[in-house]
Undergrad: 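Please see the structure below; I have some questions.
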Amino acid sequence: MIRVGVIGAQGRMGTEVCRAVEAAEDMELVARLDEGYDYAQLTGMQVAVDFTTPTAVMGNVKAALDMGVHVVVGTTGFDDAKLGQVREWLSGHPGLGALVAPNFGIAAVLMMRFAATAAPYFDSVEIVELHHPNKVDAPSGTARRTAEMIAAARAGRPSPDATTDALDGARGSDVHGVRVHAVRLAGLVAHQEVLLGGHGETLTLRHDSLSRESFMPGVLLGVRWVTEHPGLTVGLEGPLGLE
Ligand code: NAP
């Protein structure tokens, strides 16, 4: 049995993770932790799963690693600096693993992979991400990661754009040279479109998370993966065997 603790257990994602861990035959939910918890409560667990906030997550990750606990992180807002910091902490704990995944949805990970595969064959590519209005970070971690993968696949080749006169934000944000547009709308969960345009044809890749349950198979896969893969793993591609 893998002993799992959930940090951010009362949150929207944390609640689902607790339910999924309790239903998994090879896992035991040993702690539900929320804001104000004592780091000593991390004792005795093998894996801590963090779905908190971009400001809280780093303290939680450091505390878990210091307590000898592997971490699975779903909290978004990770940039190269934060990943570098986690890598540095891990170097002091050679047996421990950390998995940081901006999206645990298996279909979403495939959508990112398909977008990166298609991107070199088109002149233009832009991303539209759409989420519920309670989301605090924009653009989403998934959109940032998609843009990064697309930019790498196109070796940084920019999309044509003659815009010289625009209102602030009209062309979205520039993420690794890829335009990303963020929509916040009541009623939505998590959605993304990658728009690709070439000579007289377009291709649209769309992914929809219709409920937070969609992330749970990926989270459980991550929990199993991290206990056997020391060091930093970014994204679910490795655990899914896509690398
Ligand atoms: P949420 O409902 O606001 O839940 C966050 C929870 O974390 C709350 O219960 C909050 O407690 C708690 N928290 C805040 N600071 C804490 C701390 N220092 N220590 C422990 N717990 C703390 O948010 P959510 O919708 O579940 O999303 C959580 C994160 O997951 C966000 O970053 C979101 O973007 C990300 N996310 C990732 C994926 C993925 O697949 N990777 C999917 C969906 C969402 P209080 O309310 O008491 O402050």
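When a ligand or atom number is given, it counts from 1 through the structure's own listing order. As the structure is a computational prediction, the values presented were derived from the model and not from experiment.
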Undergrad: Return a yes/no value for His132: is any of its N or O atoms, backbone included, closer than 3.5 angstrom to an N or O of ligand 1?
TA: no

Undergrad: Indicate yes or no: does Glu129 engage Arg184 in a salt bridge with an N to O separation below 4.0 Å.
TA: yes

Undergrad: Which ligand 1 atoms, with their elements, are less than 4.0 angstrom from a heavy-atom of Gly8?
TA: 6 (C), 7 (O), 12 (C), 21 (N)

Undergrad: Note the single closest protein heavy atom to atom 48 (O) of ligand 1, along with its residue, its atom name and the distance in Å.
TA: Glu35 OE1, 2.7 Å

Undergrad: For the pair Trp89 and Val71, evaluate side-chain contact (heavy atoms from CB on, under 4.5 Å) and give the outcome as yes or no after the intermediate values.
TA: CA-CA 12 Å; Trp89 290 334; Val71 289; over 6 Å; no

Undergrad: Among all the protein's non-hydrogen atoms, which is closest to atom 8 (C) of ligand 1, and how far away is it?
TA: Gly11 CA, 3.9 Å

Undergrad: Could you check atom 31 (C) of ligand 1 against the protein and tell me its nearest heavy-atom contact, residue, atom and distance included?
TA: Thr52 O, 3.8 Å

Undergrad: Considering non-hydrogen atoms only, spot the tightest contact between Thr52 and Thr75 and give its length.
TA: N-OG1, 2.8 Å

Undergrad: Could you please spell out the steps behind the side chain to side chain donor-acceptor pair (under 3.5 Å) verdict for Thr53 and Thr55?
TA: CA-CA 5 Å; Thr53 66; Thr55 46; 3.2 Å; yes

Undergrad: For atom 33 (C) of ligand 1, what's the nearest protein heavy-atom neighbour? Residue, atom name and distance, please.
TA: Thr76 OG1, 3.8 Å

Undergrad: Using a 4.0 Å heavy-atom cut-off, say whether Asp34 meets ligand 1 through its side chain, its backbone, both or neither.
TA: both

Undergrad: What I want to check is whether the side chains of Gln192 and Thr146 have a donor and an acceptor closer together than 3.5 Å.
TA: yes

Undergrad: Could you check whether any side-chain N or O of Thr163 sits under 3.5 Å from a backbone N or O of Asp165, counting only pairs where one atom can act as donor and the other as acceptor?
TA: no

Undergrad: Salt bridge between Glu193 and Arg206, side-chain N to carboxylate O under 4.0 Å?
TA: yes

Undergrad: If you measure from each non-hydrogen atom of Asn134 to ligand 1, which part falls under 4.0 Å: side chain, backbone, both or neither?
TA: neither

Undergrad: For ligand 1 and Arg212, I'd like to know whether there is a polar contact (N/O to N/O, distance under 3.5 Å).
TA: no

Undergrad: Just distances here: any N/O of Met13 and N/O of ligand 1 closer than 3.5 Å?
TA: yes

Undergrad: Using a 6.0 Å cut-off, check whether atom CG of Asp80 has over 12 heavy atoms from anything other than its own residue.
TA: no

Undergrad: Report the residue from Ile150, Leu195, Val175 that forms a side-chain contact (heavy atoms from CB on, under 4.5 Å) with Ile127.
TA: Ile150

Undergrad: State whether the shortest distance between N or O atoms of Pro102 and N or O atoms of ligand 1 falls below 3.5 angstrom.
TA: yes

Undergrad: Out of Tyr39, Tyr37, Phe51, whose heavy atom sits nearest atom 38 (C) of ligand 1?
TA: Phe51

Undergrad: Does Gly36 reach ligand 1 with a nitrogen or oxygen that is under 3.5 Å from one of the ligand's nitrogen or oxygen atoms?
TA: no

Undergrad: Evaluate whether atom OH of Tyr39 has more than 12 neighbouring non-hydrogen atoms of other residues, nucleotides or ligands under 6.0 angstrom away.
TA: yes

Undergrad: For the pair Glu126 and Arg171, find out whether any cationic side-chain nitrogen is under 4.0 Å from an anionic carboxylate oxygen.
TA: yes

Undergrad: For atom 2 (O) of ligand 1, what's the nearest protein heavy atom and its distance?
TA: Arg12 N, 2.9 Å

Undergrad: Does Ala101 reach ligand 1 with a nitrogen or oxygen that is under 3.5 Å from one of the ligand's nitrogen or oxygen atoms?
TA: yes

Undergrad: Looking only at distances, please establish whether an N/O atom of ligand 1 is found under 3.5 Å from an N/O atom of Gly74.
TA: yes

Undergrad: Suppose I only count heavy atoms of Ala56 and a 4.0 Å limit; which atoms of ligand 1 are within that range?
TA: 15 (N), 16 (C), 17 (C), 18 (N)

Undergrad: Does an N or O from Gln10, backbone or side chain, lie closer than 3.5 Å to an N or O of ligand 1?
TA: no

Undergrad: Atoms of ligand 1 less than 4.0 Å from Ile7 heavy atoms?
TA: 20 (C)

Undergrad: Using a strict 4.0 Å cut-off to heavy atoms of Lys135, name the atoms of ligand 1 that fall inside it.
TA: 34 (O)

Undergrad: Using a strict threshold of under 4.0 Å (side-chain N to carboxylate O), is an ion pair present between Glu22 and Arg32?
TA: yes

Undergrad: Could you go step by step and tell me if Leu83 and Val234 meet the side-chain contact (heavy atoms from CB on, under 4.5 Å) rule?
TA: CA-CA 8 Å; Leu83 290 173; Val234 181; 4.0 Å; yes

Undergrad: Under 4.0 Å, heavy-atom basis, I'd like to know which part of Phe104 is in contact with ligand 1: side chain, backbone, both or neither.
TA: both

Undergrad: Please check if a non-hydrogen protein atom sits closer than 4.0 Å to atom 18 (N) of ligand 1.
TA: yes

